[in-house]
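Notes for the one structure printed next.
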Amino acid sequence: MRMSRFFLRTLRNVGEEIESVSHQLCLRAGLIQMVSSGHYNFLPLGLRVLRKAENIVRQEMDAIGSQETVMVQMMNKELLEESGRWDAFGPVLFKLRNRNGHELCLGPTHEEPVTFMARAFVQSYKDLPVILYQIANKMRDEPRARGGLLRAREFVMKDAYSFEADEQSLDNTYNAMREAYFKIFARCGIKTMIIEADTGAMGGKSSNEFMVVSDIGEDNIIICDSCNKAMNQEMAPFDKTFNVYSETSEAAPEKVHTPDIKTIGDLAAFLKVRPEQCLKHVMYNADGALVIAIVRGDLEVNDVKLTNRIKCTDLDFAAAEDLAAAGIAAGFASPIGVSESIRVILDDSVIMGNAYVCGANEKDYHMKNIVPGRDFPKHVEIADIAMAAAGHKCAKCDDLLRVEKGIELGHIFKLGTRYSVAMNANFTDEDGREKPMIMGCYGIGVTRLIAAAIEQHHDDNGIIWPKQIAPFQVHVIQVGKKNPELDAAADALYQEMLDAGFETLYDDRNESPGVKFNDADLIGIPVRLVVSARTMKDNVVEMKLRGEADRSTPPREGIANTVRAALDALA
RNA sequence: CGGGAAGUGGCGCAGUCCGGUUAGCGCGCGUGCCUUGGGCGCACGAGGCCGCGGGUUCAAAUCCCGCCUUCCCGACCA
């Protein structure tokens, strides 16, 4: 591609408010253009990268026997109602109506359409297992788009779905997928780590996420180095036997005046006790019902664990009016005396201890000597609803946990029969009985992967593309005042690169060397070749690898082989 | 959803407090000359419903009200 004809304009600067490096470089290098918040046009240069990544994904999916499809982008309400997700997705769904007033949504993920396909065409165990996938746009009305391609409302995802006759078959597919994912990320030049994850809104059993460790990541990864194990903070268990305040007390509850003391920190300081001697109450609105979550004062409530425990779809903090109506004093809350109709979830850390400070359900008063087993109402439920954090103890060994931020690039689930049961996707087994298909689902954020690759591979001057997803392999630059002789030499080199099968970008513009070199660094193509009066005189070509500082001047003769060897040597 | 900040040629910004020349600057763009190993120089030029709507005023980019859009922070407070 001749740059003089290429639909590309690099930018010298972008707005100061654009913080993440990948976002800046995507814009400056002319990969993408924002149309509105969370929605991006892919420019020709960016599309080349996207296609590279997609093809790597496609090859590895095909290699394990997955079959590519393209599914509907617009899903009718009835389809999502079969699984219950029309409502469960909530505000994330982009909803619209057709001319008949029929309700539709833009696909945020495709379990329903793929199950629709499978139930129509899979009849017998002989048809199983089958893996279907697509590489397509996903539309989600994210509460807050950010970071350019890192979190967009419209993004490219590879989503694969497997249908199995039994658990063993699911395990086989799951393992094959996991291996395929390792290959995909490695081929894209991205270092990832696999962690254990929550299954979230998708439902299902076990799942793993593939994370890129990065400061701009939005997920917290809890890591135990001794166990060599990593988990998403959303579901990470931990050993709560530290900080237990186990001093027993036979004393009766005692009301204490705590004027305007609402936070655990203030309360502990005021009463000269430790935070872990206090109980932290967080009141939630779970699908319209008031729920009280209680954890030890030194811990935090984990929303995801709580959501899973109470099996709600929509969890939010309770409104002040709801608290007042239930007779709960905000800041001085207690489950004592509340209606049995209000669920109270007590973190299991609490019952390890004994006497606590708790709210009195009366403004400016707390209670001392509260022993949950003795004083709390009988309907409290005990569960793990606390958030693991750095410095907490590992659930399996004595080591302390640490935390890294991560970008989620891939997620694989063992779904089980959640969708097949809901949607009647059955098959006839060897024994002649009808059974629901067992499912797995496997996603990769392809556009996010591009952003993550840039986060991992750049310097002050621009992107340093891993060769497998680079938009071009070779960048030929003509340096020096244009003249017929130089033009001919540069054209010839360009043509030779094309003939040798290299995807080649050719800077034939009438620009100063500085402009060309800076654009080359910004765009980040692995091999740069310069043709100038100098190189012509010596009958050489100047070659520089984007990821290395040194240049070389191999002979002009046989340059295609030299370039091939250089590319082959790159990781 | 809450809290901040911002919308001015294609891009990045100043001007707005304190209303009053022809709305500036850098980059980019066009033409010509010049230059050609790290975002070159000179000259001339084109390009603006100052986010949208309403109001105040002799007069609004500037003041007031409403709306829209975008960015950042918080989503953990009981």
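A, B, ... follow the sequence lines: proteins, then strands. Residue 1 opens every chain. All values derive from a computational prediction rather than experimental measurement.
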Is it the case that [N] (base atoms only) and [X] (side chain only) share a donor and an acceptor within less than 3.5 Å, ignoring hydrogens and angles?
| X | N | result |
| --- | --- | --- |
| Asp316(A) | C1(B) | no |
| Glu542(A) | G37(B) | yes |
| Arg528(A) | G38(B) | yes |
| Ser512(A) | G39(B) | no |

Given C72(B), G38(B), A78(B), the nucleotide with the shortest approach to the side chain of His281(A):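 For His281(A), the side-chain atoms sit closest to A78(B).
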- prompt: Given G38(B), G12(B), A78(B), which nucleotide is nearest the side-chain atoms of Asn13(A)?
  reply: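 Out of G38(B), G12(B), A78(B), the nucleotide with an atom closest to Asn13(A)'s side chain is G12(B).
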Could Arg343(A) and Glu381(A) be called an ion pair, given the rule that one side-chain N must be under 4.0 Å from one carboxylate O?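 So Arg343(A) pairs with Glu381(A) through a salt bridge.
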Report task. Decide, yes or no, whether a salt bridge links Glu503(A) with Arg48(A) under the criterion of side-chain N to carboxylate O below 4.0 Å. Result ->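 Answer for the salt bridge query: yes.
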- request: Measure the distance from CG on Asp507(A) to C1' on G39(B) and round it to the nearest whole Å.
  value: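 Spelled out: CG on Asp507(A) to C1' on G39(B) is 13 Å.
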To the nearest angstrom, how far is Leu150(A) atom CG from C72(B) atom C1'?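 Going from Leu150(A) (CG) to C72(B) (C1'), I get 16 Å.
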Practice prompt. Check each residue of residues 470-494 of chain A for a non-hydrogen atom within less than 4.0 Å of any atom in RNA chain B, then write out the ones that pass by number, or none.
Written response: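 Heavy-atom cutoff 4.0 Å gives Val479(A), Gly480(A), Lys481(A).
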Exercise for review: Would you mind telling me which of Lys280(A), Lys240(A), Lys305(A) makes a side-chain hydrogen bond (donor to acceptor under 3.5 Å, both in side chains) with Asp347(A)?
Suggested key: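 Per the side-chain hydrogen bond (donor to acceptor under 3.5 Å, both in side chains) rule, the option paired with Asp347(A) is Lys240(A), out of Lys280(A), Lys240(A), Lys305(A).
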request  = Would you classify Ser334(A) as touching base, sugar-phosphate or nothing, given that sugar-phosphate means primed atoms plus P, OP1 and OP2, and contacts are heavy atoms under 4.0 Å?
outcome  =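 Contact class for Ser334(A): none.
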Applying a 4.0 Å non-hydrogen cut-off, can you work out what Ala318(A) is touching in the nucleic acid: base, sugar-phosphate, or nothing?
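Contact class for Ala318(A): base.
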[X] side-chain N/O to [N] phosphate OP1/OP2 under 4.0 Å:
| X | N | value |
| --- | --- | --- |
| Arg12(A) | G28(B) | yes |
| Arg9(A) | C29(B) | yes |
| Ser37(A) | C71(B) | yes |

For Asp303(A), salt bridge (Lys or Arg N to Asp or Glu O under 4.0 Å) partners two or more places apart |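 So Asp303(A) forms no salt bridge (Lys or Arg N to Asp or Glu O under 4.0 Å) with any residue.
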Tell which nucleotide pairs with C71(B), taking only Watson-Crick or G-U wobble pairs whose two distances are both under 3.5 angstrom.
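Across all strands, the one nucleotide that pairs with C71(B) is G4(B).
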Item to complete: Write down the partner of U31(B) under the Watson-Crick or G-U wobble criteria, each distance required to be under 3.5 Å.
Response: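 The answer is A43(B), by the H-bond criterion.
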Determine the interplanar angle of the Phe238(A) and His392(A) rings, folded into 0 to 90°, and report it as parallel if under 30°, tilted if 30 to 60°, perpendicular if over 60°.
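Geometry flag for His392(A) against Phe238(A): parallel rings.
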For this session: Assign the ring pair Tyr40(A) / His23(A) to parallel, tilted or perpendicular, where the plane angle (0 to 90°) is split at 30° and 60°.
Result: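 Judged by the thresholds at 30° and 60°, the geometry between Tyr40(A) and His23(A) is perpendicular.
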| message | Tell me whether Arg546(A) forms a cation-pi arrangement with Phe472(A), defined as NZ or CZ under 6.0 Å from the six-membered ring centre and within 45 degrees of its axis. | response |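 Because its charged atom misses either the 6.0 Å distance or the 45° angle limit, Arg546(A) does not stack over Phe472(A).
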